[in-house]
Amino acid sequence: MDKPAWLIKNGIRLDGRTPGDVRPMKMIAGFLDKADGSCYIECGKTKVVVGVHGPREVHPKHEMQDTKALVRCTYNMESFSVDSERRRPGLDRRSTEISKVSAQALEAAILVERFPKTAIDIFMEVIQADASTRVTALTAASVALADAGIPMKDMVTAVSFGKLYGENGEEVVAVDMDKPEDNFGLADCAVAYMPNIDQFTLMQMDGNLKIDEMRAGMAMAKKACREIYEMQKAAIKRRYE
Amino acid sequence: MDKPAWLIKNGIRLDGRTPGDVRPMKMIAGFLDKADGSCYIECGKTKVVVGVHGPREVHPKHEMQDTKALVRCTYNMESFSVDSERRRPGLDRRSTEISKVSAQALEAAILVERFPKTAIDIFMEVIQADASTRVTALTAASVALADAGIPMKDMVTAVSFGKLYGENGEEVVAVDMDKPEDNFGLADCAVAYMPNIDQFTLMQMDGNLKIDEMRAGMAMAKKACREIYEMQKAAIKRRYE
Amino acid sequence: MDKPAWLIKNGIRLDGRTPGDVRPMKMIAGFLDKADGSCYIECGKTKVVVGVHGPREVHPKHEMQDTKALVRCTYNMESFSVDSERRRPGLDRRSTEISKVSAQALEAAILVERFPKTAIDIFMEVIQADASTRVTALTAASVALADAGIPMKDMVTAVSFGKLYGENGEEVVAVDMDKPEDNFGLADCAVAYMPNIDQFTLMQMDGNLKIDEMRAGMAMAKKACREIYEMQKAAIKRRYE
Amino acid sequence: MALTSEITKKTIIDLVEANARLDGRTIDQFRNAKITTGIVPNAQGSALIELGLTKILAGVKLVVGTPYPDKQDEGVLATGAEMAPIASSDFEKGPPSAASVEFARVVDRVIRESGIIDTKALCITPKEKVWMLYLDLYTLDMDGNLIDAGVLAGMAALLTAKMPTYDAETQTAGYENLTAPVPVNGKAIGVTHAKIGTKLIVDPTVDEEAIMSCRFTVGINDKDEVCAIQKGGVAGFTDTEIIWMIEDSIRHAKELRKVLP
Amino acid sequence: MALTSEITKKTIIDLVEANARLDGRTIDQFRNAKITTGIVPNAQGSALIELGLTKILAGVKLVVGTPYPDKQDEGVLATGAEMAPIASSDFEKGPPSAASVEFARVVDRVIRESGIIDTKALCITPKEKVWMLYLDLYTLDMDGNLIDAGVLAGMAALLTAKMPTYDAETQTAGYENLTAPVPVNGKAIGVTHAKIGTKLIVDPTVDEEAIMSCRFTVGINDKDEVCAIQKGGVAGFTDTEIIWMIEDSIRHAKELRKVLP
Amino acid sequence: MALTSEITKKTIIDLVEANARLDGRTIDQFRNAKITTGIVPNAQGSALIELGLTKILAGVKLVVGTPYPDKQDEGVLATGAEMAPIASSDFEKGPPSAASVEFARVVDRVIRESGIIDTKALCITPKEKVWMLYLDLYTLDMDGNLIDAGVLAGMAALLTAKMPTYDAETQTAGYENLTAPVPVNGKAIGVTHAKIGTKLIVDPTVDEEAIMSCRFTVGINDKDEVCAIQKGGVAGFTDTEIIWMIEDSIRHAKELRKVLP
């Protein structure tokens, strides 16, 4: 992929979106049969399958918690999901970090004290990676948890925001980075957000942002998350139609 | 090793055998002192030592089975046992697969329900590899199990069969593949067989065989297994002389 | 590092020491806060931090011993501690061997029967390696054990000895090998010694030594160990001033 | 473990004895196989199979590599398979289990030994550069008979895969605007029977696998010959049973080829 | 586990509620940071930081390597971090824990994204040879806030590191008599806040980390911009809290830069 | 664990106190060593040793490799040793235990430091290609004193090993019709004593090892000098004991050399 001359021009991004637009999304709750809850999601060309197993017995035993459920997350990218050469199968350091913060971001919403001494395992399989994979997976995970009937204080919705360079050197904050924007953008920030409680439960950023750009990005992300929240609710509703 | 012009000519193989001949075999039951049962075996130039430990306590505990013995098998090739460069020590994917199907092939004969909550561990060390190592190891394992005094419904005997190409393009089914036949033959099928119960407990094949060739190969394998069975019995008898 | 023409000349070594001299040493007991006992040590340019945790609960449980404490040791070199290229982090085979014999050398002095069913864990972090790292670490470990209040029959003191070549081909036994002496010397022997009980609890040698040279080396090592013992006592005393 | 209840086991056994099954099939009937190809644009070929409730995703990546010393003018096929814990509470995290190693190796054997991949056509420069053809399988939903489903998914991915371009200067692959197909000359099929009681049933579900005494997989090449066999499980088969299963597999293979692209 | 006693927890919570802390600090006060550089002559740069009782040793090694295919004229920064069991009875032997992976990656991100390492200046011969800059952190004593301490130790090691010489004939590095500095153009700083009750405190100790509900790390570059963020822990932050912590981090960064060499 | 019963322990201790042993030996007597060479034709050298009931198989493989940067005109000796679970119920599957690492490293040290392998003669093309000499030991039956048995097996394999041919064009080894010996100029010997009560016994069995307080291995080169030492076990030795064991080891080495080919 070669670096484009601009990522945004006259307020329109390479793929035609405005800064506040998320890519077209598709969610199918209950995609899997053997998982207790599941969701297939597409966000633009990014595709993820999430399966939830639990609440169930904890293995290994010594990880069991007496007063609440253990929430574990495994973020995994299929070897062929990337646009470059084949990814070596298995969890690398990046996956390990994402798995850790994703579990925390989701646990924030789950009523874990209702299921002491159990495990809730969330498996995220990235089938096709076109940037913003972790936030897409988090959005799907929340739907999968609901599909599994696990009670939550709020849904977790997630989106990325970042900073794009324009034709004339201007810098523009926008949401839902796609692959060229992720590769060449000036900053990338993944957030998970609980729309009713109005709190961020995940935030990972790299690049360079001034504090006002952070403010703008967070505001745009909250707006996008509310839109995604409606799609999550619709996906869960479709499941029971 | 270069590909020979033929593997069989006028019904005679490169090493002088007819299609139904197994290579010269030698078995020594009780070869090891510290194992509960053991057998050293040679089949042509292939040499294997098998040791059985058990029935004994199960480690790790969670593998223990309440109603029967756990039968485990480890097939391992010594780093210097191969005719090519040094083999990296340790279990590779091939060894893992062979270990799994070998354990099942032997468990079929063992009266496992007599030893609940125990483990029977069978270790196969391939010292010198000249093809047909897994079946040679299985034949020895059965002798080692008998040497360990573990009750069995039947002996497990094992042999390979395959398809050789002749001088004039003819294709001939034969038993007990040696190294050139394994490398250049048209098919290779490993079988384990219980001669009294008349059942196959292991079968792994690759190459290409018509169904009539399968029929012919299985018939030849059964005949060879009955010969090997007599050698197994003789080896066990010698042990108590 | 190029091989020097001699390692000793007129009884004086490259760095000005006589054969019986140990390099300048510095020990700080109680260097760490979170460990139960600790010691920072310098021996010439070699620098090691040792921390002791225990007696404490044993993990994994199955390593627990009913009648005495389990003494475990981990010798580790920081990736940047060596004068060559970066060392790959983690324990290699050399570290594994040194950890094993070091644990035994220290256990010899500890009154392990006073702490049944517990673990005493000794961590040796080599910060800067300029030869004789294992013996320097052992000397510090003994101070760290004392700092942790763990009762011992005797202190363990440790030093290396070896054989140097002189200007005219003469061969001279000396103590406390530094880096050039370790690289180019004719023999290297690490010893741990209990000065009051008068016994060696660790000895690892490679190179070539005649039996009389062994005798001479051991005598020199004992003398050096008694000097180091005084420094150990002083370090522990300073801790309580 | 996702236990098959005792009552379900009993029901399955009784049904099989009467040549019937819990999901309405006869004992010699395959489940419906639905294949969706092209689901992963980043792969050179991809397919999602749904064999009943079993779901497996297959993807093909082609990368530039060096040939094996003993096959200097041939590309390399490498098959991986994960029985990921998303698919079943029986699957665990961590290093590949013996079961997943066997799964990958048997799928590989069926495809490789059928001879349908023209590995010589995957050679770029003899002795120097060849295409490495990686076929990776991810089990997403486990309702039994992974091997046959894995072969179908793998074949569908291979049959729809496109060759990358080769940039001789940088000695790397280009993955944009691909058109040439991967050299696959035929359709390999795997057919698995399981033994329950005295009966042989085809295409077992996970509940059936939980009670089968043993299983038998036959790989079938384009000429209706046997190209691979893998017996699994503890009990044994008579030669009569084996010959019958091979013949039956050849029959099923003819039907299964039709669902492939 | 080195448990923080219930009574200590209660005390910490009560103090924080009153804007005070167990060690006498206010809730918005960093601990004293003492940095000793050059402690490891065998490294090209090294530093021991004591942030309160937390001790981390950082070392820099430069070795000759090959560039990444997509950045053929740039050297490579690789950051490793060990939470070794010497430092805390909570740390275990064995493969790196998720916590230590996060620690290494966040320190790496703060330094890398601040843009202060001139990776192009670490190129030896484009497409062929570059300098690999390994920054390794060893935690020796764990009293909380490893990330900020790790960034400080890493920066101090980098700022005092010297370049090896390059021997073109043997294509290896020479490590003797070094004088040229490593190309580092600025000072990246990490600042971490923790939430206890409704309060945000800076630079938490290990006892404070044991009871915090969540934490927030901000990486600050030389231009007082945000170059990295990592939220940790289970609970959430409002946007007001986040903006306040970023502003507070920029203030602290100004002070912390002064302790660096 | 294959426990040595309490009654056996008591008997061993009483016997040793009277300079006698369970198997009829005096305390200063080695078991009979039987060596069979050439048992593995696929190896370039091989030997099976039976030292009493202890059985170890040694094999030598020579392959083409690249020299170490600091020894560019020398071949490389690499010794591996497995204490495989076939040999004893005390040995476990999985990664090498510390005991097996020590076993391999001490055998390696005895052979390497004796100087009998002419590593310069294993150089093919300086700086480019050298012979890697892999010596691998497999313990098949464990009745104590693995180190001494391992050195004997390794030496027998080395002394009977033949050099492969080198094909300069393909830069690979040829393994057929070999005649030239591997450059081994002497016989290294390891001799191990164990301390039981106040007595020092040579060549301990596994039951004796179970009750010894410590052990001491001496490597002896061809000139009857000490070339390696490894003390094992928890208790200590006086210098008088050490000197006596070294002298005794030199005596035993003379006899053991005679059993080598």
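Lettering follows sequence order; numbering is per chain, from 1.
- Here the closest heavy-atom approach between residue F:Lys231 and residue C:Val101 is recorded as O-CG1, 4.0 Å.
- Two residues are said to be in side-chain contact when any heavy atoms from C-beta on lie closer than 4.5 Å; F:Gln230 and C:Met205 fail this criterion.
- Heavy-atom minimum distance, C:Ala108 versus F:Val234: CB-O, 3.0 Å.
- Within a 6.0 Å sphere centred on NZ of C:Lys117, other residues, nucleotides and ligands contribute 12 heavy atoms or fewer.
- No more than 12 heavy atoms of other residues, nucleotides or ligands lie within 6.0 Å of CG in C:Asp2, so this atom counts as exposed by the packing criterion.
- The neighbour count for C:Glu57 CD, taken as heavy atoms of other residues, nucleotides or ligands under 6.0 Å away, does not exceed 12.
- Counted within 6.0 Å of CZ on F:Arg251, heavy atoms from surrounding residues, nucleotides or ligands total more than 12; the atom is thus considered enclosed.
- Among the candidates C:Lys210, C:Met214, C:Arg94, the residue making the largest number of heavy-atom pairs closer than 4.5 Å to chain F is C:Arg94.
- Of the listed residues F:Thr238, F:Ile242, F:Ile250, F:Val226, the one with more heavy-atom pairs under 4.5 angstrom with chain C than any other is F:Val226.
- F:Cys227 pairs with exactly one of C:Leu209, C:Asp206, C:Asn208 by the side chain to side chain contact (heavy atoms under 4.5 Å, CB included) rule, that one being C:Asn208.
- When each of F:Ala235, F:Ser213, F:Pro96, F:Gly233 is checked for heavy-atom pairs under 4.5 Å with chain C, F:Gly233 comes out on top.
- Taking CZ of C:Phe200 as the reference point, atom CZ of F:Phe216 lies at 9.5 Å (rounded to 0.5 Å).
- Just one residue in the list C:Lys222, C:Arg215, C:Gln199 forms a side chain to side chain donor-acceptor pair (under 3.5 Å) with F:Asp239, and that residue is C:Lys222.
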Practice problem: Dump the intermediate steps for side-chain contact (heavy atoms from CB on, under 4.5 Å) on F:Ile243 and C:Ile211, then the final yes or no. | Solution: CA-CA 8 Å; F:Ile243 293 298; C:Ile211 193 157; 4.3 Å; yes

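- Within 6.0 Å of CD on C:Glu230 lie more than 12 heavy atoms contributed by other residues, nucleotides or ligands.
- Contact residues of residues 99-115 of chain F toward chain C are F:Ala99, F:Val101, F:Glu102, F:Ala104, F:Arg105, F:Val106, F:Arg109, F:Glu113 (heavy-atom distance under 4.5 Å).
- Around atom NZ of C:Lys223, no more than 12 heavy atoms belonging to other residues, nucleotides or ligands sit under 6.0 Å away.
- Only the side chain of C:Met218 comes within contact range of chain F, judged by heavy atoms closer than 4.5 Å.
- More than 12 heavy-atom neighbours from other residues, nucleotides or ligands sit within 6.0 angstrom of NZ on F:Lys129.
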